[in-house]
Asks: 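To start, I am sharing the structure in question, which I have written as structure tokens.
Remember, it's 1-based here, ligands and their atoms both numbered in the order they're listed.
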Amino acid sequence: MITHEVLNQAPPREGVDEFGTNVPLVEAVARWGRADVPGEAAPAGPSRTHRAGPAVSTLAEIGRHVGAAAFQRDAERANTHPPVLHTHDRWGNRIDEVEYDDAYHRIMAAAIGAGAHTSAWASPGAGANVDRAAAFFLFAQVEPGHACPVSMTHAAVPTLELAASGLHDEWMPRLLSRAYEPALADRVGPREARPAPADRVGPREARPVSRSGAKRSALMGMAMTEKQGGSDVRANTTRAEPTGVDDGWGHEFRLTGHKWFCSAPMSDAFLVLAQAPGGLSCFFVPRVLPDGTRNVFRIQRLKDKLGNRSNASSEIELDGTTAWLVGDEGRGVTTIVQMVTRTRLDCVIGSAAGMRQSVAEAAWHVRHRSAFGALLVDQPAMAAVVADLAIESEAATITAMRLARAYDDDTDGPERAFRRLATAVAKYWICKRGPGHAYEALECLGGNGYTEAFPLARRYREQPLLAIWEGSGNVIALDVLRVLGREPEAFEAFFDVVGEAVGEHAAFDVALAEARAVVRELASDVASSAAAARARELTERLALVLQASLLVQHAPAAVADVFVRTRLEGAGGLLYGALPAGVDTAAILARA
Ligand SMILES: Cc1cc2nc3c(=O)[nH]c(=O)nc-3n(C[C@H](O)[C@H](O)[C@H](O)COP(=O)(O)OP(=O)(O)OC[C@H]3O[C@@H](n4cnc5c(N)ncnc54)[C@H](O)[C@@H]3O)c2cc1C
């Protein structure tokens with residue numbers, strides 16, 4: 001028997017074009033990008049076991065794809081049916097396989113097929129990283145967990161450039177492929193018994209470039225963090241012993257030790273830090289060896305995480321694991337930092353994407369829900385909250401896209417210097433702003449927001465992760481200080497970019513002068529504990545003037561002015577929605 005009619009609940013937010021409706025993103029792509037993800041659509045082949053539905057390659061197509069009900073259902077399912085580890089098969093053989101729900105595979109196939117991983121490398125040039133960032137943003141907005149391997153594969157490319165030519169030439173085309181082939185291409189399962197290094201000494205000639213049946217595509221991960229130290233990778237104890245074999249893939253080593261966090265362990269290969277005789281070094285560790293047997297890569301267990309549940313994050317053990325040196329021995333940090341800087345960029349993009357999801361869901365709800373006789377959106381207290389959330393989201397989006405633009409130019413010039421500092425500054429600030437933003441957006445949905453039936457509970461659990469991994473808050477703020485001590489040209493380039501808005505808003509000019517003054521003050525004794533204690537203050541000031549500069553130049557006055565007054569001048573309050581008098585919330589909401 002029907003006891004009541006369901007009234008006053010917002011309709012499902014489905015069938016939305018997440019690109020076209022995101023005005024700040026569309027504008028940023030028009031300004032800095034090539035306006036579309038270049039390249040071919042995902043190839044359909046026999047080994048492509050998981051289909052994403054129709055291939056999506058343009059941003060408009062991606063926007064509609066991720067806004068569709070089917071993709072949203074997959075996003076929910078990939079998180080409510082999380083990956084399962086199978087260490088052994090039913091007969092007791094070690095297999096180290098992670099089983100994912102088909103929903104996860106569909107999401108991955110769509111993202112990889114759209115080039116959200118490596119399109120910027122496959123077709124480089126002005127705007128390539130912006131278009132790729134926008135594609136990554138759209139997928140991560142609705143399902144963030146899969147973005148981890150997508151990001152790591154993008155980021156691994158410049159480190160792989162440093163590998164021996166045989167390794168590079170065989171693997172690079174796989175990384176650039178738009179095919180998604182989730183299964184490992186091994187023939188005989190894990191290889192626990194292996195020849196001792198002594199049995200295999202001496203130079204070997206180049207390996208066969210490709211075995212029949214080998215995968216056309218590959219995903220990559222990284223494994224740096226150990227139990228005794230994550231940020232401080234110098235504390236790594238995993239050992240790397242040279243075998244004496246030197247082949248087309250470079251110098252071969254055996255790794256023994258563990259990694260405490262290793263995400264996406266079903267990836268095809270990993271960049272791993274370990275202690276070689278010459279010091280901490282970077283190694284390429286494939287899960288399947290060139291002879292088709294499994295490398296030793298024991299997945300001990302999966303982490304039980306606060307969020308990010310669709311993504312498997314594991315603890316692994318390496319035991320005589322075959323690896324090849326990448327870059328110079330003893331220069332592991334310098335080698336892998338090429339990868340880390342790009343995963344930091346993706347943390348910024350991912351956090352901005354999360355803010356967009358939060359604002360979009362909150363704005364949708366308040367436009368459909370009434371309380372006390374009026375739609376919530378028409379009630380000033382709520383309009384101020386959502387407008388304030390939209391401003392934060394727009395500031396994050398424009399910063400992420402401008403930062404991505406700086407990755408288009410790899411020459412040793414001002415853009416590269418700018419991104420050295422701006423990546424750390426944005427990673428610190430935007431990722432740290434994420435959790436509070438998600439919380440406030442969630443509350444706009446009232447009790448619904450706190451339930452798993454709506455996506456913002458998931459988003460709330462996701463956002464802190466982007467602030468922790470790839471360098472947590474203090475580590476990043478101290479990195480900013482390190483740049484100040486060692487790379488003053490990065491500060492010059494940063495202030496050149498930020499200074500483009502000078503003269504546009506008096507309060508911005510004041511804040512910029514104050515930020516410069518703090519920089520000068522700390523530069524005089526950058527190695528002191530007093531400077532370290534102010535690293536967060538420095539980073540926050542830099543982040544705010546960067547965001548304000550971009551908004552003042554490119555956003556409507558209604559948005560830029562409120563940002564400057566609330567974030568730089570201190571007008572209003574400490575929480576979202578405590579805006580100063582006279583703010584045009586209607587104009588801001590119309591844009592959101
Ligand atoms: C879900 C998840 C997935 C992950 N996946 C991977 C992966 O695939 N590969 C991988 O290598 N790692 C991965 N990590 C590990 C992650 O990168 C580390 O957890 C992170 O870098 C922090 O290192 P830690 O945990 O050792 O903390 P610590 O380094 O011990 O830091 C603890 C706290 O101390 C602070 N701190 C550190 N140094 C200083 C200092 N000098 N001054 C002041 N404060 C300081 C940090 O900011 C942090 O707040 C993952 C982590 C998570 C949560």
Asks: With the threshold set at 4.0 Å, does a side-chain nitrogen-carboxylate oxygen contact exist between D479 and R344?
Replies: yes
Asks: Just to check, does G221 reach to within less than 4.0 Å of ligand 1 when the distance is taken from its heavy atoms?
Replies: no
Asks: Are the charged groups of D268 and R287 less than 4.0 angstrom apart, N to O?
Replies: no
Asks: Would you tell me which option among G473, S231, G471 has the nearest heavy-atom contact to atom 31 (O) of ligand 1?
Replies: S231
Asks: Any non-hydrogen protein atom below 4.0 Å of atom 5 (N) of ligand 1?
Replies: yes
Asks: Hey, can you tell me if F494 and F418 have their rings parallel, tilted or perpendicular (30° and 60° cut-offs)?
Replies: parallel
Asks: Return the residue, atom name and 0.1 Å-rounded distance of the protein heavy atom closest to atom 8 (O) of ligand 1.
Replies: S263 N, 2.8 Å
Asks: Whether R356 engages the ring of F137 as a cation-pi pair (distance to the six-membered ring centre under 6.0 angstrom, angle to the ring normal within 45°) should be assessed.
Replies: no
Asks: Can you list the ligand 1 atoms lying under 4.0 Å from a non-hydrogen atom of G230?
Replies: 23 (O), 24 (P), 26 (O)
Asks: My understanding is that we take every heavy atom of each candidate and find the minimum distance to atom 43 (C) of ligand 1. Doing that for V233, N474, T225, I316, which one comes out nearest?
Replies: N474
Asks: I need the atoms of ligand 1 closer than 4.0 Å to a non-hydrogen atom of L478, numbered in the order shown.
Replies: 40 (C), 41 (N), 42 (N)
Asks: Taking only heavy atoms of S472, which atoms of ligand 1 are found under 4.0 Å from at least one of them?
Replies: 46 (C), 47 (O), 48 (C), 49 (O)
Asks: Looking only at the aromatic ring of each residue, does the gap between the centers of Y450 and Y460 stay below 6.0 angstrom?
Replies: no
Asks: Look up atom 25 (O) of ligand 1 and tell me if a protein heavy atom lies less than 4.0 Å from it?
Replies: no
Asks: Indicate, as side chain, backbone, both or neither, the part of L465 found under 4.0 angstrom from ligand 1 when only non-hydrogen atoms are considered.
Replies: side chain
Asks: Any protein heavy atom under 4.0 Å from atom 37 (C) of ligand 1?
Replies: yes
Asks: Looking only at distances, can you tell me whether any N or O atom of S313, backbone or side chain, sits closer than 3.5 Å to an N or O atom of ligand 1?
Replies: no
Asks: So among E76, E143, R77, which one has a side chain to side chain donor-acceptor pair (under 3.5 Å) with S310?
Replies: E143
Asks: Taking non-hydrogen atoms only, is A223 closer than 4.0 angstrom to ligand 1 via side chain, backbone, both or neither?
Replies: backbone
Asks: Between K259 and E226, does any side-chain N to carboxylate O distance fall below 4.0 Å?
Replies: yes
Asks: In the protein, what heavy atom is nearest to atom 51 (C) of ligand 1, and what distance, to one decimal place, separates them?
Replies: F261 CD2, 3.3 Å
Asks: Is any N or O atom of D232, backbone or side chain, closer than 3.5 Å to an N or O atom of ligand 1?
Replies: no
Asks: Quick one, I476 and S472 - any side-chain contact, counting heavy atoms below 4.5 Å?
Replies: no
Asks: Who's the nearest protein heavy-atom neighbour of atom 9 (N) of ligand 1, and how far?
Replies: M222 O, 3.0 Å
Asks: Tell me: protein heavy atom nearest atom 20 (C) of ligand 1, and distance?
Replies: I468 O, 3.8 Å
Asks: Taking 4.0 angstrom as the limit and counting only heavy atoms of E470, give me the atoms of ligand 1 inside it, by number and element.
Replies: 17 (O)
Asks: Between K305, R309, M224, which one has a non-hydrogen atom sitting closest to atom 1 (C) of ligand 1?
Replies: K305
Asks: Given R298, which of T321, D319, T87 fulfils the side chain to side chain donor-acceptor pair (under 3.5 Å) condition?
Replies: D319
Asks: Answer yes or no: is there an ion pair linking E462 with R309, defined by an N-O contact shorter than 4.0 Å?
Replies: no
Asks: With a 4.0 Å heavy-atom cut-off (strictly under), which part of A264 contacts ligand 1: side chain, backbone, both or neither?
Replies: neither
Asks: Less than 4.5 Å apart, side chain to side chain, heavy atoms only: is that true for Y407 and L345?
Replies: yes
Asks: Tell me whether R458 is salt-bridged to E452, with the criterion being a basic N under 4.0 Å from an acidic carboxylate O.
Replies: no
